[in-house]
Amino acid sequence: MELFLNGDGLRRLGRFEEALACYQSAIALSPPFAEARCHCANVHLLLGRFDEAIRAYDEAITARADYVHAHANRGVALQSLARHDEALASYNTALSFKDDYAGARFNRGLLRLTLGELPDAWADFEWRYEDSNSTASRERRAFPKPRWCGEPLVGRSILVYCEQGYGDGLQFVRYVRCLAARGARVILEAHRPLIQLFADIPGVTQLVVRGNPLPAFDYHCPLMSLPSVFGTTLNDVPFAEGYLASDPGKVGEWRARLGEKRMRRVGVAWSGNPIHANDRRRSIALEALEPFLPEGIEYVALQTEVRHQDQAALGGGRFRDFGSELQDFSDTAALCECLDLIVSVDTSVAHLSGSLARPTWILLPNPADWRWLLTRRDSPWYRSMRLFRQGEDRGWLPVFKALREALELWREAPQ
């Protein structure tokens with residue numbers, strides 16, 4: 001048991017290989033040790049070793065047939081390998097032993113969203129608030145007023161609020177206009193960097209910075225739960241043609257700042273929040289990307305924070321860098337309005353550009369986040385978006401080559 005506990009401590013410290021060694025030593029002393037086998041599998045899962053993870057989960061299940069956590073996490077590993085039917089079966093097996101197991105329900109919801117089965121997925125997606133491993137559960141809010149579940153809103157007020165990352169707020173704020181169309185007085189709470197951008201959304205009665213005192217309201221609902229209440233499917237995503245607008249005054253300032261345009265301009269965002277759980281898969285080193293950006297295009301960096309390892313490539317003369325001048329999303333939105341194309345990894349800049357209806361190319365890891373579905377090259381959430389996906393090798397090189405070829409064709413196309 002001491003070796004097992006040591007492994008848990010090392011895993012929490014991110015010392016994964018040492019944790020594996022502890023778990024494996026514990027298994028050697030007690031071969032039927034189902035918990036140690038499951039924790040081995042969890043570490044393999046964190047490291048992206050999905051086949052090894054599945055083998056270890058199978059061993060844990062052999063030792064304990066009703067091991068709910070092993071069945072549920074096995075589903076995550078199978079889903080990561082695009083073995084979707086098997087993943088769904090694993091989630092369902094876990095739920096057959098424990099019907100209210102939040103992790104299995106939430107991950108089953110993510111799988112169904114990925115498959116485009118939105119009507120069936122939304123109910124499971126709501127279990128994010130019960131899953132202790134999810135960001136949503138850690139940010140769960142409690143209010144004295146009821147949560148809105150579709151009741152009439154004429155003459156009533158509703159508080160809607162952002163949750164999780166900036167990109168989530170940008171993607172789902174489109175539903176504010178749907179609420180206003182039902183006659184609601186909409187109070188929108190958002191993170192401070194989003195406030196100025198959201199100030200002119202049609203239908204917003206009052207805008208509140210997250211953390212500030214809230215006015216009285218009749219109902220509340222998190223933004224990411226609104227698609228469920230509205231019954232959104234892939235065929236009726238609201239305002240996919242764009243729903244946010246940039247500040248005309250700021251756009252004019254940026255046009256003057258950029259000066260006369262001698263060639264097409266492309267904004268580039270190559271990394272997201274470094275503490276994001278999937279950052280190591282979704283963010284890209286600028287040094288790796290830069291050689292695949294063809295000449296004859298003016299490149300503008302859209303990063304407000306540049307990692308130390310990207311400084312040298314950014315300073316190499318290929319990019320115009322205004323990161324220190326981008327104080328919030330309204331600044332970035334105005335700059336995007338002055339660009340012909342935005343190329344981004346899966347981060348808030350992509351959602352911002354898509355919500356502004358700017359031409360947007362997004363570079364996606366494999367597996368991609370649920371909102372980008374499985375194989376589509378377009379997005380039902382943003383009509384102006386084109387998706388470049390990693391293949392089965394999970395490498396960026398084919399993506400970079402496809403991007404370079406597409407940029408060369410785009411550069412030569414008539415404006």
Side-chain angles (χ1 to χ4, degrees), residues 4 8 11-12 33-43 45-46 50 53-54 56-80 83-151 161 163-164 168 172 219-233 277-278 367 369-371:
F4 176 75
D8 280 353
R11 176 177 53 81
R12 283 191 288 270
F33 201 162
E35 290 85 352
R37 293 183 183 279
C38 186
H39 284 221
C40 270
N42 292 342
V43 173
L45 188 61
L46 287 168
F50 304 121
I54 292 166
Y57 287 130
D58 286 343
E59 292 168 356
I61 291 166
T62 298
R64 187 196 303 171
D66 63 350
Y67 198 164
V68 174
H69 300 296
H71 284 291
N73 290 349
R74 180 176 181 270
V76 175
L78 287 162
Q79 185 174 341
S80 298
R83 293 162 61 178
H84 300 118
D85 290 342
E86 295 170 82
L88 183 60
S90 282
Y91 295 140
N92 288 338
T93 299
L95 292 168
S96 72
F97 292 118
K98 184 175 173 56
D99 183 64
D100 62 350
Y101 182 41
R105 285 202 174 272
F106 176 44
N107 284 317
R108 186 176 69 177
L110 293 178
L111 172 57
R112 286 173 165 166
L113 287 171
T114 301
L115 296 173
E117 300 170 358
L118 271 58
D120 295 328
W122 293 125
D124 279 344
F125 186 62
E126 288 302 304
W127 282 80
R128 67 192 184 278
Y129 290 111
E130 309 299 331
D131 180 8
S132 61
N133 293 317
S134 75
T135 303
S137 70
R138 296 189 289 274
E139 297 181 353
R140 187 170 187 172
R141 312 278 292 275
F143 298 104
K145 294 293 186 174
R147 177 165 161 170
W148 184 64
C149 297
E151 296 86 351
Y161 49 93
E163 57 173 297
Q164 303 185 54
D168 298 305
F172 294 103
Y219 294 103
H220 70 91
C221 191
L223 281 177
M224 295 183 75
S225 292
L226 291 173
S228 177
V229 184
F230 281 101
T232 300
T233 72
N278 200 38
D369 190 72
W370 65 265
R371 66 202 80 206

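Note that this is a predicted model, so its numbers are computed, not measured. Only heavy atoms go into these numbers, but all of them, side chains included; no hydrogens, no water, no symmetry mates.
- The side-chain hydrogen bond (donor to acceptor under 3.5 Å, both in side chains) search around Thr62 returns none, not counting sequence neighbours.
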Donor-acceptor pairs under 3.5 Å, side chain of residues 64-72 to any protein atom, not counting sequence neighbours: which ones?
residue	atom	partner	partner atom	Å
Arg64	NH2	Glu35	OE2	2.3
His69	ND1	Tyr101	OH	2.7
His71	NE2	Ala65	O	2.8

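- With sequence neighbours excluded, the residues forming a salt bridge (charged side-chain N to carboxylate O under 4.0 Å, His left out) with Arg108 are Asp124, listed by chain and number.
- Scanning for side-chain hydrogen bond (donor to acceptor under 3.5 Å, both in side chains) contacts around Lys98 gives Asp100, with sequence neighbours left out.
- Shown here are the side-chain hydrogen bond (donor to acceptor under 3.5 Å, both in side chains) partners of Arg147, two or more places apart in sequence or in another chain: Glu126, Ser225.
- Applying the side-chain contact (heavy atoms from CB on, under 4.5 Å) test to Asn107 and every residue at least two apart in sequence or in another chain returns Val76, Tyr91, Leu110.
- Here Ser228 contributes atom OG and Phe125 contributes atom CZ; the two are 9.5 Å apart, rounded to the nearest 0.5 Å.
- Residues meeting the side-chain contact (heavy atoms from CB on, under 4.5 Å) test with Thr114, sequence neighbours left out: Gln79, Trp370, Leu374.
- Only one option out of Tyr161, Tyr219, Trp148 pairs with Phe143 in a ring pair (Phe, Tyr, Trp, His ring centres under 6.0 Å); it is Tyr161.
- Not a single side-chain hydrogen bond (donor to acceptor under 3.5 Å, both in side chains) links Gln164 to another residue, sequence neighbours left out.
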List the atom pairs, donor and acceptor, that lie under 3.5 Å between side-chain atoms in residues 115-122 and the rest of the protein, sequence neighbours left out.
residue	atom	partner	partner atom	Å
Trp122	NE1	Leu118	O	3.4
Trp122	NE1	Thr232	O	3.0

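- Under the rule for a salt bridge (charged side-chain N to carboxylate O under 4.0 Å, His left out), the partners of Glu130 that lie at least two apart in sequence or sit in another chain are Arg140.
- The shortest heavy-atom contact between Ala34 and Ala63 is CB-CB, 3.9 Å.
- Partners of Arg371 by salt bridge (charged side-chain N to carboxylate O under 4.0 Å, His left out), not counting sequence neighbours, listed by chain and number: Asp168, Asp369.
- For the pair Arg37 and Phe33, the cation does not sit on the ring face, since its NZ or CZ is not both under 6.0 Å from the ring centre and inside 45° of the axis.
- Atom-to-atom distance recorded for Phe50:CZ and Tyr57:OH is 10.5 Å, nearest 0.5 angstrom.
- The shortest heavy-atom contact between Ile54 and Ala77 is CG1-CB, 3.6 Å.
- Under the 3.5 Å distance criterion, the side-chain polar atoms of Arg112 are left unmatched by any main-chain donor or acceptor of Gly109.
- Every residue two or more places apart in sequence or in another chain that forms a ring pair (Phe, Tyr, Trp, His ring centres under 6.0 Å) with Phe172 is listed here: Trp381.
- A side-chain hydrogen bond (donor to acceptor under 3.5 Å, both in side chains) with Tyr129 holds for exactly one of Arg141, Glu163, Arg138; it is Glu163.
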Quiz prompt | Worked verdict on Arg128 versus Asp131 for side chain to side chain contact (heavy atoms under 4.5 Å, CB included) | solution = CA-CA 5 Å; Arg128 67 192 184 278; Asp131 180 8; 5.7 Å; no
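- Across Cys38 and Ala60, no two heavy atoms sit closer than the pair N-CB, 3.8 Å.
- Put simply, SG on Cys40 and CG on Leu45 are 12.5 Å apart, with the number rounded to the nearest 0.5 Å.
- Exactly one of Asp99, Thr93, Asn92 qualifies for a side chain to side chain contact (heavy atoms under 4.5 Å, CB included) with Ser96. That residue is Thr93.
- Of all heavy-atom pairs between Gly150 and Val229, the closest is N-CG1, 3.6 Å.
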